[in-house]
Amino acid sequence: MTDNAAEPNAGRPAPVLPAGPKAVRFVELSSTAMTALLDSDLDRASVEAGADLTEYFLTDSARFVWGHRVAQLAADPACAGWITQAVISEPEGAVVGYAGFHGLPDEAGMVEIGYAVDPGHRRQGYARAILAALMRRAAVEARVRTVRVSISPENAASLATIGGFGFVEVGEQWDEDDGLETIFEIPASEIPVPSQGAAPPHPPSA
């Protein structure tokens, strides 16, 4: 993992987050809900979350996330305001995937975004809507200085998703599960947030 961080550039114009056709909100997944998902009990998890979760939440990759997040919550309940949640489309109300931060801001004020969109809802703008909402969420937090995403250099779709959001490549890392990843960062101070009087994005609650 690189120790290099994206630094603000006073001479660079303030970015405008790309507008998209989709809007999303986030629904907390409690430890109880995620444990139910680990038990393949989709009905119980949906009742606990208050949303109709889909089979996508029972895939092997999703179950890996739930196991990790349950352990995080057990070690530090304060993570509940940051980690993975269900993503709901607005105004349709469909569960389109899950997303959140990997954890609390670290000592340097860095948070990393992670997201997964259900295959049935891909290529419709949801990934970019999720990314924009989480970036804005991070930007209004005083503790956050840097927002990061890590993407496989072979993942063309995810590389395209972050295009236009102001991320700068800062290095590479080797992930035990995902292999080689390229690290992209943006200073939180360069992320535009809604002006006073505008409705803020719905913040992640878990």
Side-chain angles (χ1 to χ4, degrees), residues 1-20 22-31 34 49 65 68-88 90 97-116 126-151 158 161-171 173 181-206:
M1 180 179 295
T2 182
D3 290 327
N4 297 329
E7 293 295 334
N9 185 339
R12 189 165 72 185
V16 176
L17 294 187
K22 300 298 183 181
V24 296
R25 64 183 175 90
F26 300 83
V27 172
E28 179 177 346
L29 294 175
S30 66
S31 182
M34 290 187 284
V65 173
H68 185 56
R69 300 300 181 231
V70 167
Q72 276 184 288
L73 283 172
D76 185 358
C79 288
W82 295 85
I83 59 175
T84 312
Q85 306 147 89
V87 181
I88 314 296
E90 287 288 324
Y98 52 87
F101 301 99
H102 288 193
L104 293 164
D106 65 13
E107 295 83 354
M110 187 276 291
V111 291
E112 182 167 354
I113 290 173
Y115 58 88
Y126 287 114
R128 291 173 73 81
I130 291 167
L131 183 60
L134 291 175
M135 289 175 68
R136 292 191 181 103
R137 161 72 164 100
V140 299
E141 290 285 344
R143 290 180 289 173
V144 177
R145 295 185 58 212
T146 304
V147 178
R148 171 182 291 183
V149 291
S150 300
I151 302 172
S158 288
T161 293
I162 69 169
F165 281 90
F167 285 97
V168 174
E169 182 178 340
V170 298
Q173 67 183 11
E181 295 179 328
T182 305
I183 302 170
F184 299 89
E185 294 181 344
I186 182 173
S189 61
E190 293 188 3
I191 298 172
V193 295
S195 60
Q196 290 186 350
H202 188 285
S205 56

(request) Not counting sequence neighbours, which residues clear salt bridge (charged side-chain N to carboxylate O under 4.0 Å, His left out) with Glu90? List them please. (result) Arg25

(request) Tell me, please, which residues at least two apart from Thr182 pass side chain to side chain contact (heavy atoms under 4.5 Å, CB included). (result) Pro153, Glu169, Phe184

(request) Indicate the atoms forming the closest heavy-atom contact of Thr161 with Ala127, along with that distance. (result) CG2-CB, 3.9 Å

(message) Could you check whether any side-chain heavy atom of Arg69 comes within less than 4.5 Å of a side-chain heavy atom of Leu29, counting everything from C-beta outward?
(response) no

(message) Quick check against the 3.5 Å criterion: does Arg143 have a side-chain atom that pairs as donor or acceptor with the backbone of Gly109?
(response) no

(message) So, taking the atom named CZ in Phe26 and the one named CZ in Arg137, what distance separates them when rounded to the nearest 0.5 Å?
(response) 10.0 Å

(message) Once ring-ring contact (aromatic ring centres under 6.0 Å, His included) is applied, do any residues pair with Tyr126, and if so which ones, sequence neighbours excluded?
(response) His121

(message) Working to the nearest 0.5 angstrom, can you tell me the gap between Met34 CE and Gln72 CD?
(response) 8.5 Å

(request) Give the minimum heavy-atom separation between Arg136 and Pro192, together with the two atoms involved. (result) CG-O, 3.8 Å

(message) When you measure from the side chain of Arg128 to the backbone of Lys22, do you find a donor-acceptor pair of N or O atoms at a distance under 3.5 Å?
(response) no

(request) Measure the OG1-OH distance between Thr84 and Tyr115 for me, rounded to the nearest 0.5 Å. (result) 13.5 Å

(request) Could you grab the distance from atom CD of Glu190 to atom CE of Met135, nearest 0.5 Å is fine? (result) 9.5 Å

(message) Once rounded to the nearest 0.5 Å, what's the spacing between atom CZ of Phe167 and atom CG of Leu131?
(response) 5.0 Å

(request) Kindly state each residue pair satisfying side-chain hydrogen bond (donor to acceptor under 3.5 Å, both in side chains) with at least one member in residues 98-111, sequence neighbours excluded. (result) none

(request) Any chance you could measure Ser30, atom OG, to Gln85, atom CD, to the nearest 0.5 Å? (result) 12.0 Å

(request) Sequence neighbours left out, what passes side chain to side chain contact (heavy atoms under 4.5 Å, CB included) with Ser31? Give chain and number order. (result) Thr35, Val70, Leu73

(request) Over all heavy atoms of both residues, which pair between Val193 and Ala139 is shortest? Give the atoms and the distance, please. (result) CG1-CB, 3.5 Å

(message) Applying side chain to side chain contact (heavy atoms under 4.5 Å, CB included), can you list everything that pairs with Ala78, at least two apart in sequence or on another chain?
(response) Asp76, Leu104

(message) List the residues meeting side chain to side chain contact (heavy atoms under 4.5 Å, CB included) with Val144, not counting sequence neighbours, and say none if there are none.
(response) Trp82, Pro105, Val111, Ala138, Glu141, Val147, Ala188

